[in-house]
There are 2 protein chains.
Amino acid sequence: MSKIIIIEDDIYLREELVTTFAKKEYSVSGISSFVTPEQEILDSEPDLAVLDINLPGKSGFELCKWLKARSDFPILILTARDTLSDELLALGLGADDFLTKPCHPERLLARVERLLQTYGKMRNIIQVGELTLDTDTYKVIWRNSHVILPETEGKILQILMEQHPSLVDKQDLFSSLWGGSEYVDENILQVNINRLRKSLDTLGLRDIIQTIRGQGYRLEVFRT
Amino acid sequence: MSKIIIIEDDIYLREELVTTFAKKEYSVSGISSFVTPEQEILDSEPDLAVLDINLPGKSGFELCKWLKARSDFPILILTARDTLSDELLALGLGADDFLTKPCHPERLLARVERLLQTYGKMRNIIQVGELTLDTDTYKVIWRNSHVILPETEGKILQILMEQHPSLVDKQDLFSSLWGGSEYVDENILQVNINRLRKSLDTLGLRDIIQTIRGQGYRLEVFRT
DNA sequence: GGTCTTTCTTACACCATCTGTAAGTATTAT
DNA sequence: ATAATACTTACAGATGGTGTAAGAAAGACC
C-alpha cells in the first residue's frame, strides 16, 4: 500500500495522524527529528507527505519548496494557520492541497486518497516552467503539444532540466552520457544537441538551448 | 491560455465567475442550457471545469461521475452545500477539488491554477482500476512499477482498457490494428496478445487478459 | 477416449529507427 | 585575417519491433 510521511512536531497530533492512516492500511511514518528533515524525507521515498507549517527549524513553506524542486510526490499542507494568504503561499509554492486544523479525519483521508490517485498516473515526471519531461519515455510536453524523444536526446534534455537554470558543462554531459565507455568522437555531443533542438522545434520551442561558447549549454529561462 | 468551462445555473454568479477568470487571461465560457449539458461540455474540450452541485436536471454529482468516465480534465466542485458528506461524495466520484460558496476569488484562482499545473503533466492518460496507460508512449503503470510497451502491444492494451469491462471482439482488434491493409496472418493477433501478456507479466500482472474462446479477449476485473 | 478446432508458443528474417562517425560549413573571438 | 569552436548533413552499423511460419497445447464435442 502507499507510503505516507507525516511532518508534524506536535507529538500528540502526529501519533493521532499515524494511527488514522495506519487504520486504512497505509504504510505511514512520522518525522521525529527536525534538525535536517529534508534528507530523511527524501530517503524514505514516500508516495505522499502531510506537512505542517509551524515547525522547529525550517518552516513548512521552505520545506515544501525544497521538496517540490527535488521530488515528485504530492504534498498536503495541514496547519493551524488558516488565513487566505497562507493558503495562497502554500499553493504557490507547489503544495497540492491545503487543509486547516482541526481537520476531520475523513476529510483528510479523502483528500489524500484523491491525491494518490492523481499522482499514481504520473511517475518520473520532471518540470521546468511549462516544460514537462517523462524521464521513462522521454515524452516532452509543452503547452498543448508533445514529442517523444529518442533516448540520447531525452537524456540530454533531462540533465539540462535538472540543472536548470545553471549552465551544464560539456564535460558533465560527456561523462553522464558516454562516461564509462572508451573514446567517442568529440562531435557526438554537438550532433545530438542539434537533433534535440530540431525535435524541440516541432513544439515551437526554438532556441531554448543556449550555447555558452567554450563551456557548455543551458536551458533558456522563459516566461511561465 | 487554458480553457475553463463554468457549469452554474445562477446567472449572476456565473457571470461573476466568468469575469474573474477572464481577467486572468483564461479562455472561459459558461453553460447556459441545462437540458443536455454533457455533450456541450465535452465538445468544448475544456482544460478544467468548475461545477455546481444544485443544477436543474442532472445533479452536479451525476455530471461529475459521467464526465470523469469519459474525459481527463480536472473538475473543481464549487457549491453552497458545505457538509462533509457532500465533500466526501464529490471526491469519491473523482472530483479534483471541492470548494464551498461563498469562495474568495483568489482562493478559487489559486486552486484552479494548481490543478491546471498538475494536469498539464498528464496528457493522454487512461486508467482502469489501478492500471494506467499513457497512450502516447504506451507506458503502463501498476502499483509501483512500470513497463514501456512496443506500439502494437500498447494499442491492444489501449483498446482492451477503453472497452473494459466488456469483451473485445477479435474482429474489432483486427480492424483497429490492421484494418486498412491487405491480408495479414490470422495468427498475428495471438502472437501479439502473447507478447503483451509477457510484458505485463513483468509487472506481476499475470492473467489479466482473459481469452473468450471463439469470440475475443477482455481485461480481467481486479481488486482496486 | 478420440478427433477436430481454436489458441498458444517459439524461432526467424525483414524493416525501421536510432546512434556514432565522418566531412564539410558556419560562426565567433582575437 | 586566422584560428578555434560550434553547427549541419549524410551515411552505415546496431538495435529492437514486426509479421510469418510451423508445431505444441488446450478445449469442445461426439
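Residue numbers begin at 1 in each chain, while the letters A, B, ... track the order of the sequences. These numbers come from the heavy atoms of this one structure, side chains and all, not from hydrogens, waters or symmetry mates.
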What's touching nucleotides 4-7 of chain C from the protein side, N or O pairs under 3.5 Å?
{"from": "C/dT5", "atom 1": "O2", "to": "B/R213", "atom 2": "NH2", "distance (Å)": "3.0"}
{"from": "C/dT6", "atom 1": "O4'", "to": "B/R213", "atom 2": "NH2", "distance (Å)": "3.3"}
{"from": "C/dT7", "atom 1": "OP1", "to": "B/G214", "atom 2": "N", "distance (Å)": "2.8"}
{"from": "C/dT7", "atom 1": "OP2", "to": "B/K170", "atom 2": "NZ", "distance (Å)": "2.8"}

Report yes or no: do A/Y26 and A/E113 form a side-chain donor-acceptor pair below 3.5 Å?
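There is such a pair (donor and acceptor under 3.5 Å, judged by atom type) between the side chains of A/Y26 and A/E113.
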Tell me: [atom1] of [X] to [atom2] of [N], nearest whole Å?
X	N	atom1	atom2	answer
B/I188	D/dT20	CD1	P	6 Å
B/L189	D/dT18	CG	C1'	14 Å
A/I156	C/dC18	CD1	C1'	13 Å
A/L196	C/dG20	CG	C1'	17 Å
A/Q210	D/dA6	CD	P	14 Å
A/D207	C/dT27	CG	P	14 Å
A/F174	C/dG20	CZ	C1'	12 Å
A/E151	D/dT15	CD	P	13 Å

Is B/R111 salt-bridged to A/D97, going by a charged N under 4.0 Å from an acidic O?
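Result for this pair is yes, salt bridge flagged.
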State whether the side chain of [X] and the backbone N or O of [Y] hold a donor-acceptor pair below 3.5 Å, judged by distance alone.
X	Y	result
A/E62	A/S59	yes
A/R114	B/G94	no
B/K3	B/S29	no
A/N192	A/I188	yes

Measuring to OP1 and OP2 of [N], would you say a side-chain N or O of [X] lies under 4.0 angstrom away?
X	N	result
A/K198	D/dT8	no
A/W178	C/dG20	yes
A/N194	D/dT8	yes
B/N192	D/dG19	yes

More 5' along DNA chain C: A/L149 or A/V191, using each one's nearest nucleotide?
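With A/L149 and A/V191 compared, the 5'-side residue is A/L149.
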Side chain to side chain contact (heavy atoms under 4.5 Å, CB included) assessment of B/T132 paired with B/I126
CA-CA 6 Å; B/T132 300; B/I126 62 174; over 6 Å; no
Do the side chain of B/N187 and the base of C/dT9 come within less than 3.5 angstrom through a donor-acceptor pair of N or O atoms?
yes
